[in-house]
There are 2 protein chains.
Amino acid sequence: MIESLKNHILRFVSPSKKEMEDFLNIIESENIPAKHYILKEGHYCNYNHFIVKGCFRSFFINEKGVEKTINFGIEDWWLTDFDSFMNRTQTQLNIQATEDATVLKISKPNLDMVLKSSLEINKYFRIILERVRIADQRRIQYMFNLSGEELYNTFYEYNPEFVQRIPQYMLASYLGFTPEFLSKIRAKKHS
Amino acid sequence: MIESLKNHILRFVSPSKKEMEDFLNIIESENIPAKHYILKEGHYCNYNHFIVKGCFRSFFINEKGVEKTINFGIEDWWLTDFDSFMNRTQTQLNIQATEDATVLKISKPNLDMVLKSSLEINKYFRIILERVRIADQRRIQYMFNLSGEELYNTFYEYNPEFVQRIPQYMLASYLGFTPEFLSKIRAKKHS
DNA sequence: AGAAAAACTTAATCTAGATTAAGAAATATA
DNA sequence: TATATTTCTTAATCTAGATTAAGTTTTTCT
């Protein structure tokens with residue numbers, strides 16, 4: 001199971017045997033049943049999670065009580081609230097499994113320890129973050145420039161299988177509009 | 001002038017004398033007059049830029065010909081199109097100085113060379129990217145949850161001096177609405 | 001200093017998407 | 001296999017912000 005993380009690392013960097021072992025040794029694993037949380041508003045985010053199997057969403061609840069989904073995570077993604085994790089602040093986010101899931105996780109002190117001295121693990125996280133940055137920028141660009149309907153069509157085009165995997169109201173929330181509006185879009189599309 | 005980059009690095013990491021020198025040695029510098037570009041749509045983004053003095057905006061031009069500002073950069077920020085820079089693809093972005101500016105810049109091959117072996121410089125960019133990630137996530141969260149008026153007020157609250165520094169139409173574009181709407185907000189506020 | 005260009009304002013009209021509400025399907029649970 | 005819960009749909013009404021267009025103010029350049 002830890003193999004999936006090992007393989008992911010090897011896709012990007014080439015640690016020595018010792019470097020890899022030192023890193024994998026401080027990884028913990030956990031099974032999360034569907035609908036359970038790995039992070040809840042008001043708590044401290046103590047782990048960065050690598051998703052081995054399953055799907056998660058991170059969302060916050062606004063002042064009107066509406067859930068706003070800001071990210072999804074699936075297999076081979078790292079998921080955390082960086083703000084809370086790095087700055088040791090209380091999180092405003094909830095991270096919930098949308099289906100039965102397995103994660104590997106690493107605590108802040110353990111991660112700090114490895115990052116203090118391991119060149120390749122630093123490289124690994126730097127590269128991951130570069131890719132995340134590209135994805136975030138692209139998302140911001142889309143949000144600015146596309147209508148709701150275009151956002152849905154674009155998302156569907158690039159992630160057809162994923163759309164089947166989650167309830168529509170979560171996708172609507174992620175794309176920045178209401179579930180009712182998503183229904184409208186789909187009705188239009190299939191007519 | 002390269003002192004400002006050196007100081008920035010020392011705020012986050014502790015390279016050896018040699019590590020710092022090797023890095024600073026491959027940095028180039030450039031003065032950019034107001035309105036000039038350091039990146040233009042269709043070109044390859046060959047540099048990551050560290051802003052010593054001045055202000056830049058990165059924007060793309062949509063199919064209707066409207067400029068959409070997706071980022072600003074000021075003193076002590078790194079600015080590039082990561083997608084183009086990392087993946088060696090043609091950029092869709094323009095990066096323009098909004099006032100006379102000075103940048104330090106590093107080419108992709110030179111940066112790759114340093115990152116291959118320097119632990120501290122890898123750490124440095126990893127930490128920068130973690131902070132960028134936090135900012136991006138916060139921005140997405142705001143964009144989802146705040147009205148145009150709230151976005152402006154929040155931005156103004158946290159960056160009062162910066163609002164004076166750029167034309168309003170750029171800020172409107174960055175916040176995701178039209179300059180006319182920003183005028184409306186301000187008229188309301190000052191009445 | 002004067003002309004041209006760039007930036008900002010105001011106001012009327014229009015529209016994408018929100019809101020509200022009610023019912024229908026689908027899924028989970030006993 | 002019935003009941004409860006969750007998810008999805010439809011439709012009427014409403015609103016934040018876009019669009020268009022014209023005029024004004026500010027900045028830049030010669």
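We name chains A, B, ... by the order of the sequence lines, and we start the count at 1 in each one.
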Flag yes if more than 12 heavy atoms outside A:K68 fall under 6.0 Å of its NZ atom; otherwise flag no.
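Yes, NZ of A:K68 has more than 12 neighbouring heavy atoms, counting only those of other groups under 6.0 Å.
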
Without decimals, in angstroms, what is the distance between A:Q164 CD and D:dT7 P?
16 Å

Do B:R126's NZ or CZ and the ring of A:Y124 fall within the cation-pi criteria of under 6.0 Å and 45°?
no

Hey, does A:N46 have a side-chain heavy atom less than 4.5 Å from the side chain of A:S107?
no

What string of B, S and - do you get for nucleotides 8-18 of chain C 5' to 3' if you count protein non-hydrogen atoms under 4.0 Å?
SBB------BB

What residues form a salt bridge (charged side-chain N to carboxylate O under 4.0 Å, His left out) with A:D100, not counting sequence neighbours?
none

Of A:F56, A:F125, A:Y47, the residue whose pairing with A:W78 passes ring pair (Phe, Tyr, Trp, His ring centres under 6.0 Å)
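When A:F56, A:F125, A:Y47 are each tested with A:W78, the ring pair (Phe, Tyr, Trp, His ring centres under 6.0 Å) holds only for A:F125.
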
